[in-house]
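One structure is given here, and the rest of the page talks about it.
As a basis for the values below, the full set of heavy atoms in this structure was taken, side chains included, without hydrogen atoms, waters or symmetry mates.
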Amino acid sequence: MKRLAAAAAFAWLMTTTAAIAGPVPKPKEVLGHDMGEDRYVASYSETAIYWKRLAEVSDRIKLVDIGPTVEKRRQLMAIVSSPENLAMLDKYKDISERLGRAEGLTDEQARALAAEGKAVIWVDGGIHASETLTHSAIIQQVYDLVNSDDAEAKRIRDNVIILFVANNPDGQELVANWYMRIKDPAKREAGFESLPKLYHAYVGHDNNRDFYMAEMPETQNITRVLFRDWRPQVVLNQHQTGPAGTVVFIPPFRDPFNFNFDPLVMTSLEEVGAAMQSRLLAEGKRGGTSRDGAHYDTWYNGNLRSISYFHNAIGILTETIGKPVPIDIELVPERQLPGNNQPAPIAPQKWHIGQSLEYSMSINRAVLSYAAANREKLLFNIYRMGANSIARGSEDSWTMTPTRIAEMHAASAAAGAKPVATRTRGSSSIDPRFYDAVMKNPANRDARAYVIDPGQRDYPTAIRFLNALIKLGVDVDRASAPFTANGKSWPAGTYFVRTAQAYRPHILDMFEPQDYPENFEYPGGPPIPPADATGYTPAFQMGVGFERVLDPLDVPSERLSTLLATAPGKVVGEGKAGYLVGHGANNSFILSNRLLKAGVPVSWLADPLAVAGGPAEPGALWVPASPAAARIVEAAAIELGLDVERAAAAPEGDRTAMKRPRIALVDLYGGLMPTGWMRWIFDQHEFSFTIVRPQQLDAGKLRKDFDVVILPHAAFQLQEARASGDGMFRGRGDDKQPKPEDIPAEYRGWLGTVTSAKTIPALKAFVEDGGSLIAMGGSAQAVAQAMDLPVEDAVAETVDGKTARPPRSKFYVPGALVEASVDRASPFAYGMPEKVDLFFDDSPVWKLKPGATGVQVPVRFAGVPKLKSGWAHGLERLDGSAAIVEVDRGKGRVVLIGPEVALRAQTHGAFKLLFNAIYLGAGHGKR
């Protein structure tokens, strides 16, 4: 079927209401293709068309629109169950939601609801749109459950309500249309290496790293269904591709697992994983692996399936091999020996995507059959875990962490006791009294609540943090009267988060440090890399001011479960000369961008100045009075939550006039996720920018059009200059690009890479002529070398005449939050606190070369930095190193930013470091 015809049919089907009775059609009868057909990729339009067709002819399926995508498509959810269940959908949805929320129920009431309810299972596909097996899988799986009348299918429909969702409609449409544009199937490429842009409009692969922030519209649609509306007991998250030498990865996972979630999640995960593996083996399907058979773990909270654990649901990850073209299963000799991780190895052989689809179908049936057989247990257990969380948040409780274990051993050693070795490798026993000494210490108690400081410098960002919690199903309280907590007085209207909620594990994980365990292959050996970040505490990344309250908090309050509006800022003073606005809130940059867009002058004041009763700090905004200024500033005070002071006279002292920045943001063919996240951040803060690619950079004369050029992480790579690999899917893993003749003409100008030979001379000329180059992460390290800047890698060591970063056995910081010191007098750091938590992933840091001049260091690691969250090995090597460096060159400057200050739209507490650099680079003059 032609793509235009498919789109037209979709539009017609979504507007017609006439029921068309008839037999359940196979996918090929509607779409013209079999699912699992070689060299075929199903688009989202086709998925929706087919689901709509099924809904017209069958009473076993109902379609629900769960919200818009980035590109304004409608994201559909296909609900499949028996006709009787679908007729009572609201009832079963209410039962599932009540049991998942767990509030106000006794065990007896919960058991009665579980007996009456139906298991609710989420099944998805396509979050990574290049994983096209999953596109076909959810089409075929829906067909199977709607059409089949075997005893198992009937039992599933009678006992289970299945929520099928295509996670990334925009990306699925892009990938399918791109792949299928080649009319001759034999000429279609093996994979999707030639795709010109990210398969999520902003963030590509990182749409599966957005789940505790829920910035993207699709994530918000999904999390609302998962953690507000339905609260399913099992989340089946289907991916591709499996580990080399296998067919599919299925649970359980390797350690470590996060200590915040209920252990019943893990034992339940073991049960479902065993059912999946047994189903495959019973059907003669070999090659399933689990646990240490792959790098996946259950630590990180940002993935779709892993965030389920923090919400008492059983998150299932499958990773199945296959491409649209036949592939070979690789021979990995070590995989050929049976073991607990892989009970039935598979021999090397030719493999078709249709075979992978058969595995997906078996896995789907296995999960749903388990749910049907264990309906009441699943429903009661999600209540049990929620009730456990409510109970733990209502009384004194302690969480065991690696730090607590270390404290027990330290207490024992301090008392002169000798540990007794046990038969378990790497462990020893000590006197039980040290358990109580640590785990009953009142100071070590878990928080009963977290109080958000209403007087913090960036209160609008604190509200944004609370909204991230609310989007993930957490309820927030607002005090109805003044109260006292931790010996401090808090006004009415103060927001706080009680931990006596079903989703307490998620609350703790968002406020508390991640205490990742030491994880080495052997003592003194290399570390075992995590699946993603080890430390990510959003409250720290966002710079949120809060108090941990350990005692009961008896406060009259209103419970809020809908998004909070930014509290209006205050406007003080009656002066007529102009407006003063503090620099501490990220929203102040939205105001600046609006003012400069309207032609209203804005200046930064160098001398410390108190604004609207706040602390005296440098960097306050000065806006001379005018009708346009009055309209924009006073509206921003209400909308953006900014405190404003009407001044009677223009302030004395140095002031720096701001200019609207002309920003060039570098991207590469295929798309960089760091660029995508930057685009999102700029859009949210109303920065205008232009995407530029290597061919435009290489052409030179950049100063004519731009004040600032930004090279995000992975935009420029010199292998010998890299601080580390790209890691965590934040950049392209290679420089592969198609031949110009193989892609449409509109994309040929996107080809090319940033090179030392062509691009760096053009960027040098841009800087010499007064431009500002901002290089970030790995690109900063490459720029420092390519431009011969007066800095060098601060952690590098020289061994046998070769200078390089030390091995991971000596220095390793795999995605953790590390505290840095800020020079608040520097304009680069205006609005910042004295300390900032930076996201560090083996990031570049520098020391100045002897005799270096024209260099500023606004942010550095002063002394051995404090590890705030996650895992770090060898932090002493950062002592005294520079995290951000500004180097004057000619009329312009180069700004090197090592640690991540824009990672995944999470690092709000560090955004000002980037925003200030942009404004300072736009050109200015002193009064």
Side-chain angles (χ1 to χ4, degrees), residues 606 656 703 708-709 711 716-724 754 756-757 759-806 810-811 818 820-829 838 840 842-865 874-899 901 913 916-917 920-921 923-924 926:
T656 302
R703 191 70 183 96
V708 178
V709 173
L711 279 172
F716 179 36
Q717 304 179 74
L718 293 178
Q719 188 64 40
E720 63 274 20
R722 298 173 84 179
S724 66
V754 176
S756 296
T759 317
I760 291 301
L763 291 175
K764 283 182 177 179
F766 167 75
V767 172
E768 294 282 347
D769 198 25
S772 182
L773 172 63
I774 301 175
M776 307 173 71
S779 295
Q781 188 79 328
V783 164
Q785 178 170 314
M787 289 192 171
D788 193 24
L789 299 180
V791 297
E792 56 191 10
D793 190 339
V795 299
E797 60 183 15
T798 301
V799 178
D800 296 332
K802 295 182 179 180
T803 300
R805 281 217 157 186
K810 294 182 179 180
F811 179 71
V818 182
S821 299
V822 175
D823 177 6
R824 300 176 69 201
S826 168
F828 284 91
L838 295 180
F840 194 100
D842 285 344
S843 306
V845 289
W846 300 276
K847 61 182 178 181
L848 305 188
K849 292 179 179 179
T853 59
V855 181
Q856 295 184 45
V857 180
V859 182
R860 69 171 65 248
F861 295 108
V864 178
L875 273 184
E876 66 277 0
R877 291 175 178 266
L878 296 181
D879 186 354
S881 63
I884 297 179
V885 176
E886 185 257 338
V887 182
D888 292 335
R889 277 292 172 96
K891 299 177 183 177
R893 58 164 63 95
V894 179
V895 180
L896 307 176
I897 300 177
V901 298
L913 297 171
N916 286 339
L920 291 169
H924 55 267
K926 292 193 174 180

*Give the intermediate values and the outcome of side chain to side chain contact (heavy atoms under 4.5 Å, CB included) for residues Leu913 and Val859.*
CA-CA 9 Å; Leu913 297 171; Val859 182; 3.8 Å; yes
*asked:* Does Lys891, at its NZ atom, have more than 12 non-hydrogen atoms belonging to other residues, nucleotides or ligands within less than 6.0 Å?
replied: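 Check fails, neighbour count at 12 or below.
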Atom pair [atom1] ([X]) and [atom2] ([Y]), whose distance is rounded to the nearest 0.5 Å:
X      : Y      : atom1 : atom2 : result
Leu711 : Leu896 : CG    : CG    : 10.5 Å
Asp888 : Gln856 : CG    : CD    : 6.5 Å
Arg889 : Glu768 : CZ    : CD    : 7.0 Å
Phe716 : Leu773 : CZ    : CG    : 10.0 Å
Gln781 : Glu792 : CD    : CD    : 10.5 Å
Ile884 : Phe828 : CD1   : CZ    : 9.0 Å

Which atom names give the shortest non-hydrogen contact between [X] and [Y], and what distance separates them?
X      : Y      : answer
Val901 : Met776 : CG2-CE, 3.6 Å
Pro806 : Ala796 : CD-CA, 4.4 Å
Gly921 : Ser772 : CA-CB, 3.4 Å
Phe766 : Arg703 : CD1-N, 3.7 Å
Leu848 : Ala852 : CB-CB, 4.1 Å
Ala883 : Pro899 : O-CD, 3.4 Å

*For Ser881 and Phe861, indicate whether the former's side chain and the latter's backbone hold a donor-acceptor pair under 3.5 Å.*
no
*Can you check whether Leu920's main-chain N or O pairs, donor with acceptor, with Arg893's side chain at less than 3.5 Å?*
yes
*Could you tell me whether the side chain of Leu718 reaches within less than 4.5 Å of the side chain of Ser756, counting heavy atoms only?*
yes
_Flag side-chain contact, heavy atom, 4.5 Å: Leu789 against Trp846_ =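 Counting from C-beta outward, Leu789 and Trp846 never come under 4.5 Å.
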*Show your working on salt bridge (charged side-chain N to carboxylate O under 4.0 Å, His left out) between Asp788 and Lys849 and close with a plain yes or no.*
CA-CA 11 Å; Asp788 193 24; Lys849 292 179 179 179; 3.5 Å; yes
*Evaluate the side chain to side chain contact (heavy atoms under 4.5 Å, CB included) criterion for residues Val818 and Leu838: first the C-alpha distance (whole Å), next the side-chain angles of each, then the deciding distance (0.1 Å), finally the verdict.*
CA-CA 5 Å; Val818 182; Leu838 295 180; 5.7 Å; no
*Of Lys802, Arg805, Lys810, which meets salt bridge (charged side-chain N to carboxylate O under 4.0 Å, His left out) against Glu797?*
Lys810
